A.B. asks: 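So that we are looking at the same thing, I have put the structure below in structure tokens.
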Amino acid sequence: MKIAFLISAYTDPAHLKRFIDSLPEESHFFIHVDRGADETPFRQLMTQPHVHFIDNRVRVMWGSYTQVQFQMELIRAALGSGETFDYLFMLSAQDYPVWSNARIMAHLEANKGKNYLMGMCLVGRPHAETFEYTRYRFLNNYPWKYGTLKSKCRVALRKVLTPFLKKPIDFMADGRHYRLYKGSDYFALTGELAAYVLKTYDDSPQLRRYFKNGFAPSETFTHTVAFNSPFADSCILFTPQQVSGIRLEDLTPLTYIEYGAKIKELTEDDYDAIIQSDKMLCRKCVTGISDELLRRIDAQREP
């Protein structure tokens with residue numbers, strides 16, 4: 001069982017080193033550091049075997065298509081490395097494993113071929129759940145800080161156009177019919193599905209254009225491609241009956257996350273909830289804030 005961990009980073013290189021050190025050492029690690037951040041401290045600390053910093057760095061604007069771009073560059077780097085991977089994990093540099101490495105490897109081996117990608121179809125869902133996905137978000141890929149004049153103008157343009165333009169969630173692109181699916185940024189794909197997603201991305205200019213001005217495209221692009229593909233049955237589908245009032249963390253198959261106004265920084269107080277969730281990983285861990293939590297997690301991870 002060979003694994004590639006694809007990791008997006010922009011802060012806290014000390015935690016990223018701890019994170020990589022905690023994972024199976026025979027794995028490969030492909031790291032994208034936001035082009036707006038200094039890559040130097042990451043490279044200085046990450047000297048472990050099989051660590052690869054990708055060259056095609058993206059200036060990330062959270063919630064925009066730039067997140068899809070760095071995800072695809074991470075997949076491209078892994079698939080082009082000359083190695084053949086059974087699984088490619090899409091993770092954040094602020095994640096941490098909860099399960100022991102032996103349990104992780106045994107679980108993946110026992111479920112080989114399963115894609116740990118959860119998705120729900122938005123077609124036919126209530127207006128309150130689909131509204132943001134039907135709004136065009138023009139100029140969303142520019143790294144304008146929230147609250148600045150340019151950012152306010154971008155938001156104003158969206159509001160002005162909303163009554164006149166409606167983005168379809170059941171649509172055609174590059175001669176193919178798609179239904180829009182949503183999920184989480186954090187998932188694990190088989191090598192075969194990862195290759196299919198990347199090829200679709202490269203070969204489908206109309207599909208790329210559709211997601212460039214969409215809402216939270218990193219939570220919809222891979223899911224939409226996968227659930228409209230021959231791989232759909234190997235993914236984890238949420239049906240309308242299952243998803244009434246669902247939260248985004250419920251669509252995150254492997255990672256414990258607590259969402260509020262933003263993703264919660266985890267502390268020792270969260271230990272019991274994390275263990276009870278029985279998720280493989282947790283997020284968001286921060287040096288100086290999550291240290292005692294990670295000490296307890298490390299203790300229970302030992303064989």
Side-chain angles (χ1 to χ4, degrees), residues 1-8 19-20 22-24 26-30 67-68 70-72 74-75 78-79 83-121 181-198 200-201 216-239 242-243 246-259 263 274-285 301:
M1 179 67 62
K2 184 169 284 190
I3 302 175
F5 292 101
L6 315 183
I7 302 172
S8 59
F19 180 30
I20 291 176
S22 71
L23 292 167
E26 64 272 19
S27 303
H28 285 248
F29 305 91
F30 296 86
Q67 289 181 267
V68 175
F70 81 66
Q71 288 179 342
M72 295 304 108
L74 282 166
I75 293 174
L79 296 181
E83 301 285 342
T84 300
F85 296 107
D86 296 292
Y87 278 99
L88 292 83
F89 280 69
M90 191 68 66
L91 302 174
S92 155
Q94 294 181 302
D95 289 2
Y96 202 73
V98 181
W99 294 5
S100 69
N101 289 337
R103 184 183 177 191
I104 291 172
M105 300 301 282
H107 179 84
L108 294 175
E109 190 66 52
N111 293 276
K112 195 170 183 179
K114 176 179 180 178
N115 281 286
Y116 294 88
L117 182 78
M118 285 187 179
M120 59 176 284
C121 185
Y181 285 76
K182 69 170 285 185
S184 163
D185 284 46
Y186 309 108
F187 47 77
L189 307 181
T190 61
E192 294 80 7
L193 177 53
Y196 181 91
V197 169
L198 182 62
T200 302
Y201 172 82
S218 64
E219 298 173 359
T220 54
F221 177 81
T222 297
H223 310 76
T224 299
V225 172
F227 281 98
N228 288 279
S229 80
F231 294 91
D233 289 344
S234 66
C235 300
I236 307 167
L237 176 67
F238 273 72
T239 66
Q242 291 172 301
V243 297
I246 195 168
R247 305 164 303 164
L248 191 57
E249 50 262 54
D250 297 321
L251 290 168
T252 306
L254 298 174
T255 308
Y256 176 89
I257 305 175
E258 186 175 335
Y259 282 98
I263 297 176
I274 292 169
I275 298 301
Q276 290 167 12
S277 76
D278 202 33
K279 293 290 184 75
M280 184 184 292
L281 303 122
C282 65
R283 178 176 193 270
K284 172 179 188 180
C285 301
R301 290 186 76 226

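As a basis for the values below, the full set of heavy atoms in this structure was taken, side chains included, without hydrogen atoms, waters or symmetry mates. If you're wondering where the values come from, they're calculated on a predicted model, not measured in any experiment.
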A.B. asks: Tell me which one of Ile3, Leu74, Val197, Leu79 satisfies side-chain contact (heavy atoms from CB on, under 4.5 Å) with Leu88.
C.D. replies: Leu79
A.B. asks: Taking atom CG as the centre, does Asp233 end up with more than 12 heavy-atom neighbours from other residues, nucleotides or ligands that are less than 6.0 angstrom away?
C.D. replies: no
A.B. asks: Please find the pair of heavy atoms, one from Ala78 and one from Ala4, that lie closest to each other, and give the distance.
C.D. replies: CB-CB, 4.3 Å
A.B. asks: Do the non-hydrogen side-chain atoms of Phe5 and Phe19 ever get within less than 4.5 Å of each other?
C.D. replies: no
A.B. asks: Do Met90 and Leu189 come close enough that some side-chain heavy atom pair is under 4.5 Å?
C.D. replies: no
A.B. asks: Kindly write out the residues that satisfy side chain to side chain contact (heavy atoms under 4.5 Å, CB included) with Glu26, not counting sequence neighbours, or none if the list is empty.
C.D. replies: Pro24, Met105
A.B. asks: Assess, by modelled atom type and distance only, whether the side chains of Thr255 and Arg283 contain a donor and an acceptor separated by less than 3.5 Å.
C.D. replies: no
A.B. asks: How far apart are the closest heavy atoms of Asp185 and Ser218, and which atoms are they?
C.D. replies: OD2-OG, 2.8 Å
A.B. asks: Quick one, Met280 and Tyr116 - any side-chain contact, counting heavy atoms below 4.5 Å?
C.D. replies: no
A.B. asks: Between Thr224 and Tyr181 (side chain of the first, backbone of the second, donor and acceptor by atom type, cut-off under 3.5 Å), is there such a pair?
C.D. replies: yes
A.B. asks: If the threshold is 4.0 Å, N to carboxylate O, is there a salt bridge linking Lys279 and Asp95?
C.D. replies: no
A.B. asks: Can you name the side-chain hydrogen bond (donor to acceptor under 3.5 Å, both in side chains) partners of Thr252, sequence neighbours left out?
C.D. replies: Ser184
